[in-house]
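A quick write-up on the structure given underneath.
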Number of protein chains: 2
Amino acid sequence: MEPYKLFDAEYKFACLIWDNEPINSTDLVKLSQTKLGWKKSTTYTVLRKLCERGILKNEQAMVTAIIKKTDAQKYESQTVVEKAFNGSLPQFLTAFLGEKKLSEEEAEELKRIIEEATR
Amino acid sequence: MEPYKLFDAEYKFACLIWDNEPINSTDLVKLSQTKLGWKKSTTYTVLRKLCERGILKNEQAMVTAIIKKTDAQKYESQTVVEKAFNGSLPQFLTAFLGEKKLSEEEAEELKRIIEEATR
DNA sequence: AAGTGAGGTTTATTACAATAAACTTATCGA
DNA sequence: TCGATAAGTTTATTGTAATAAACCTCACTT
């Protein structure tokens, strides 16, 4: 398995931790119950798997993330561009935008991000 | 199942059809063999499923796509942006680019695409 | 000392993606 | 008319994601 690969359920769960860390495991069980509808055992099962894969950490009932959210996101973004767009960001953008129209502000923001990444 | 959702194996297979349609089913079996390493029965199984889901069509042993590649790509791109970036394209772009640097030409191309989508 | 809650683990269950073996039926050329 | 080939279908197998029931152990409280 690639290091940062998170399945859908895992990703949602990891988001709870990214947004709330450090979080006590009992509190995380409650949070998963309300946010995801998970039972306690489900939470611990998924938690342990993500710990084994080096993505999260659970020490003295305190859960934190080892992998940063931005790294998981980078992985997600690059995976889809490779898989479905032959690695081409322009192709991705074209497909994503489709017939959608951007406002001036949105366009400016995107161009700023691109500018930022241009040497 | 959402209409355009294609699993990994299905997406690769659909690409063969998009790139070669219209294609005779026997030829498609051969193509899947060489490109994906699939047996004949695998090809027909996946083909039938995609036909049932209204994504492909197989009539008189002639296989064509009903859903266009661009539509499947649009779905893929929007799905990942929603799932992992809270629907925010700027967040996606930021994560994708990371520390990567763009050349002048790449930046120009991206800005052109954005310009195009700006009313 | 017995009950209770925190903090887990062990073991299952279910669903379905991925792949294919084995069988069928029809056509067509030798 | 028989054997090959095309064009499929039926039925399995395997792996694993998603979810959870049932159990365990320890510390603390009553």
Side-chain angles (χ1 to χ4, degrees), chain A residues 1-17 20-64 67 72 75-76 79-80 83-84, chain B residues 1-17 20-64 67 72 75-76 79-80 83-84:
Chain A
M1 182 101 59
E2 301 91 357
Y4 302 166
K5 167 71 184 170
L6 293 174
F7 297 100
D8 285 28
E10 292 173 342
Y11 190 87
K12 285 182 202 149
F13 178 68
C15 282
L16 293 184
I17 289 129
N20 293 280
E21 65 175 336
I23 181 171
N24 163 271
S25 58
T26 297
D27 293 343
L28 181 57
V29 166
K30 285 178 196 143
L31 195 61
S32 303
Q33 169 62 56
T34 58
K35 298 279 188 180
L36 306 174
W38 287 10
K39 303 291 176 185
K40 184 180 68 143
S41 53
T42 304
T43 296
Y44 277 111
T45 301
V46 176
L47 175 58
R48 186 157 22 79
K49 281 190 167 187
L50 294 188
C51 289
E52 281 164 9
R53 280 159 43 201
I55 290 164
L56 301 178
K57 190 170 53 171
N58 182 11
E59 278 172 352
Q60 286 112 245
M62 200 48 84
V63 179
T64 52
I67 299 300
Y75 177 84
E76 284 296 324
T79 299
V80 72
K83 175 199 158 198
Chain B
M1 180 102 60
E2 301 92 354
Y4 303 168
K5 167 71 183 171
L6 293 174
F7 297 99
D8 286 27
E10 292 174 342
Y11 189 87
K12 285 183 203 150
F13 178 68
C15 281
L16 293 184
I17 289 128
N20 292 280
E21 66 174 336
I23 181 171
N24 164 273
S25 59
T26 299
D27 292 345
L28 180 58
V29 166
K30 284 178 197 145
L31 195 61
S32 302
Q33 168 63 55
T34 58
K35 297 279 187 177
L36 307 174
W38 287 9
K39 303 293 178 184
K40 183 179 68 142
S41 52
T42 304
T43 296
Y44 277 110
T45 300
V46 176
L47 175 58
R48 186 155 24 78
K49 282 189 166 188
L50 295 187
C51 288
E52 281 164 9
R53 280 162 41 202
I55 290 163
L56 300 178
K57 189 170 55 172
N58 182 11
E59 278 173 351
Q60 286 112 246
M62 200 50 82
V63 178
T64 52
I67 299 299
Y75 177 84
E76 284 297 324
T79 299
V80 74
K83 174 197 157 197

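The shown structure was predicted, so the numbers you read here are calculated from the model rather than taken from an experiment. Residue numbers begin at 1 in each chain, while the letters A, B, ... track the order of the sequences.
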Name each donor-acceptor pair under 3.5 Å that joins a side chain in residues 33-42 of chain B to protein atoms two or more places apart or in another chain, with its distance.
residue : atom : partner : partner atom : Å
B:T34   : OG1  : B:K30   : O            : 3.4
B:T34   : OG1  : B:L31   : O            : 3.1

Compile the donor-acceptor pairs under 3.5 Å between side chains in residues 54-64 of chain A and protein atoms, sequence neighbours left out, one pair per line.
none

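If you take CG of B:L50 and P of C:dA18, they are 10 Å apart, rounded to a whole angstrom. Note: CD (B:Q60) to C1' (D:dA6) measures 15 Å, nearest angstrom. Rounded to an integer number of Å, the gap from A:K49 NZ to C:dT9 C1' is 14 Å. The CG atom of B:N24 sits 16 Å away from the P atom of D:dT5 (whole-angstrom rounding). Spacing between atom NZ of B:K5 and atom P of C:dC16 amounts to 14 Å, rounded to whole angstrom units. Atom NZ of A:K57 and atom P of C:dG8 are 14 Å apart (whole Å). Distance NZ (B:K39) to P (D:dT11): 23 Å, rounded to an integer number of Å. Between the CG atom of B:L47 and the C1' atom of D:dT10 there is a distance of 16 Å, rounded to whole Å.
Residue A:D27 is out of contact with every strand shown, counting any heavy-atom pair closer than 4.0 Å. Base contact: A:S41 has a heavy atom under 4.0 Å from a base atom.
Comparing D:dA18, C:dG8, C:dA18 by their closest approach to the side chain of A:F7 singles out D:dA18. Taking only side-chain atoms of B:V46, from C-beta outward, the nucleotide of C:dT19, D:dT19, D:dG8 with the closest atom is C:dT19. For B:Y44, counting side-chain heavy atoms from C-beta on, the closest listed nucleotide (D:dC23, D:dT9, C:dT19) is D:dT9. The listed nucleotides are C:dA21, D:dG8, C:dG8; the one nearest the side chain of B:N58 is D:dG8. Closest to the side chain of A:R48, out of C:dT10, C:dG8, D:dT9, is C:dT10.
Phosphate contact (OP1/OP2 of C:dA20, side-chain N/O of B:T42, threshold under 4.0 Å): present.
Between B:R53 and B:L6 there is a side-chain heavy-atom pair separated by less than 4.5 Å.
Under 4.0 Å is where a charged nitrogen must lie from a carboxylate oxygen, and between A:K83 and B:E76 at least one such pair does.
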- Message: Working note: B:V80 + A:T79, criterion side chain to side chain contact (heavy atoms under 4.5 Å, CB included); need CA distance, chi angles, decisive distance, verdict.
- Response: CA-CA 10 Å; B:V80 74; A:T79 299; over 6 Å; no
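Put simply, the side chain of A:T45 and the base of D:dA18 share no donor and acceptor less than 3.5 Å apart.
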